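None of these values were measured; they are calculated from a predicted model.
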Amino acid sequence: PFAMERLTTLPSPRLQRWLPLLLVLGYVGLVEWLWGWDTILAAWRAMPPATLALGAGLMGVSYAVRAWRLVDYFPAVARGRFPLMLRLTLQHNLFNHLLPARSGELSFPLLMKRWFDVPWATATAALLWLRLLDLHTLLAIGLLALGRAWLPAGWWGPALALWLALPVAAWLGHGPLRRRVERLRSPRLRETGLRALAGLREDGTAFLRSWAFTWGNWAVKLGVLIAVLGQLLPLPLPRLALAVTSGELTSVLPLHAPGGIGTYEAGVVAGLAGAAPLSAAAAAAINLHLFLLTLAALTGLLALLPWPAPRPAP
């Protein structure tokens, strides 16, 4: 019993505060020991600056699409305030990379409440729905790219159709769920439930637009990452797509170190298994992650600087 108590005891608050930094330092030291940072970063010196600039610019387009998705999702408070929503998107992205265990997601409802006066429950419900759309779209892209090779003959088409129908089914169930919540006897539960459901758009056209924005964002982002990884490690397009998709899927893990260091690289390396030597795959995965982290840090820090005063809500 004493041993079990010791095993189930959480780390001290001091250790919890320092653990993320210790993990980052351990990662830096491990890379230096196994490969050396000079060797890892040498790949960037061989890459044409124009290629890097184009990749960074297209990632900026991806950030803008995410911001437009939010403007369209909250038209009552965000219409005509795209710069402020872009700033929120960049800060949210930065905190997601900096903070461990998905705690950076909390910045979204906080900023939506502070800058757009959107209730916490509404913003959280919207974020959950949009994250589910992100995950669904990412897996759908993987199925499009690799389903023919993985699934038995004749299964790919029906599997893809069934998968693409899931968000529609979820949206169709929104109305009956709302009516059930409205009939709850407890005023507190009824109010909380309706606030949470307020984060889901009832308009079918708005739902389709949010889905289209999601596909646009991931098409641009994955395209950029595939191109960058192809510069680092020339391989066939399907294998590059698998590596990038598996790396991005690690971002939905409930627990990870700050920036996803280690888990993101593991996902990319898993997607490259058998197609490249382990050392070369790991080096490419580290550099691909550095590309993402650098852009998130630069744009996030830019978003933390003072911007012109936002326009008042219409």
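- With T250 contributing its side chain and G247 its backbone, the two residues share a donor-acceptor pair below 3.5 Å.
- Cluster annotation: L208 and W129 are assigned to the same hydrophobic cluster (Ile/Leu/Val/Met/Phe/Trp/Tyr, side-chain heavy-atom contacts under 4.5 Å, transitive).
- Classified by interplanar angle (parallel below 30°, tilted 30° to 60°, perpendicular above 60°), the ring pair H289/Y264 is parallel.
- Put simply, CG on L302 and CG on L94 are 11.0 Å apart, with the number rounded to the nearest 0.5 Å.
- Taking all atoms of both residues into account, the shortest heavy-atom contact from A303 to R87 is O-NE, 2.7 Å.
- Qualifying ring-ring contact (aromatic ring centres under 6.0 Å, His included) partners for W218, counting only residues two or more places apart in sequence or in other chains: none.
- Atom CG of residue L138 and atom CG of residue L222 lie 6.0 Å apart, to the nearest 0.5 angstrom.
- L88 places a side-chain heavy atom less than 4.5 Å from the side chain of M112.
- The CD atom of Q231 sits 12.5 Å away from the CG atom of N287 when rounded to the nearest 0.5 Å.
- Taking both residues in full, the closest heavy atoms of R81 and W115 are given as NH2-O, 3.4 Å, listed atom of the first, atom of the second, then distance.
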message = Run R66 and M85 through side-chain contact (heavy atoms from CB on, under 4.5 Å) and show every step you take.
response = CA-CA 9 Å; R66 289 188 228 175; M85 190 62 82; over 6 Å; no

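- Looking only at side-chain heavy atoms (C-beta outward), L41 and L290 come within less than 4.5 Å of each other.
- For the atom pair T214 OG1 and L135 CG, the distance stands at 11.5 Å (nearest 0.5 Å).
- W120 pairs by the ring-ring contact (aromatic ring centres under 6.0 Å, His included) definition with nothing, not counting sequence neighbours.
- Side chain of T137 to backbone of L133: a donor-acceptor contact under 3.5 angstrom is found.
- The closest side-chain heavy-atom distance from Y63 to L295 is below 4.5 Å.
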key: Chi angles and distances behind the side-chain contact (heavy atoms from CB on, under 4.5 Å) call for L225, L240   = CA-CA 9 Å; L225 296 181; L240 295 173; over 6 Å; no

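- Under the 4.5 Å side-chain heavy-atom criterion for grouping Ile, Leu, Val, Met, Phe, Trp and Tyr, L106 is not connected to L127 through any hydrophobic cluster.
- Between F108 and F74, the ring planes are tilted. Angles from 30° to 60° get that label.
- Side-chain contact between V77 and D117: absent, with no pair of heavy atoms (C-beta onward) separated by less than 4.5 Å.
- Distance check, rounded to the nearest 0.5 Å: CZ of R79 to CG of D72 gives 8.5 Å.
- In terms of heavy atoms, V65 sits closest to N217 at CG1-N, 3.8 Å.
- Of all heavy-atom pairs spanning L293 and H97, the tightest one is CD2-CD2, 3.4 Å.
- Looking only at side-chain heavy atoms (C-beta outward), L144 and W156 come within less than 4.5 Å of each other.
- In terms of modelled atom types and a separation under 3.5 Å, the side chain of S246 and the main chain of G267 share a donor-acceptor contact.
- Using a 4.5 Å cut-off between side-chain heavy atoms of Ile, Leu, Val, Met, Phe, Trp and Tyr, with links allowed through other members, L52 and L233 fall into the same hydrophobic cluster.
- Checked for salt-bridge contact, R69 and D134 meet the test: a charged N lies under 4.0 Å from a carboxylate O.
- At distances below 3.5 Å, not a single donor-acceptor pair connects side-chain atoms of E248 with backbone N or O atoms of T245.
- Nearest heavy-atom pair, P176 versus L172, reported as atom, atom and distance to 0.1 Å: CD-O, 3.4 Å.
- Two residues are said to be in side-chain contact when any heavy atoms from C-beta on lie closer than 4.5 Å; V224 and S62 fail this criterion.
- Side chain of S210 to backbone of F207: a donor-acceptor contact under 3.5 angstrom is found.
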inquiry  = Between V228 and M59, is the side-chain contact (heavy atoms from CB on, under 4.5 Å) condition met? List the steps.
reply    = CA-CA 11 Å; V228 171; M59 285 297 293; over 6 Å; no

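- For the pair L164/H136, a side-chain contact is recorded, criterion being any heavy-atom separation below 4.5 Å from C-beta on.
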inquiry  = As a quick check of understanding, evaluate side-chain contact (heavy atoms from CB on, under 4.5 Å) for L111 and F116, giving each step before the final call.
reply    = CA-CA 8 Å; L111 292 172; F116 295 94; over 6 Å; no

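- A284 approaches L229 most closely through the heavy-atom pair CB-CD1, 3.9 Å.
- Using a 4.5 Å cut-off between side-chain heavy atoms of Ile, Leu, Val, Met, Phe, Trp and Tyr, with links allowed through other members, L132 and L143 fall into different hydrophobic clusters.
- Taking 4.5 Å as the limit, some side-chain heavy atom of L237 sits within range of a side-chain heavy atom of I226.
- You'll find the ring centres of F213 and W68 outside the 6.0 Å limit.
- By the criterion of side-chain heavy atoms lying less than 4.5 angstrom apart, applied directly or through intervening Ile, Leu, Val, Met, Phe, Trp or Tyr residues, V61 is grouped together with L54 in one hydrophobic cluster.
- Distance OG1/T124 to CD/E105: 10.0 Å, rounded to 0.5 Å.
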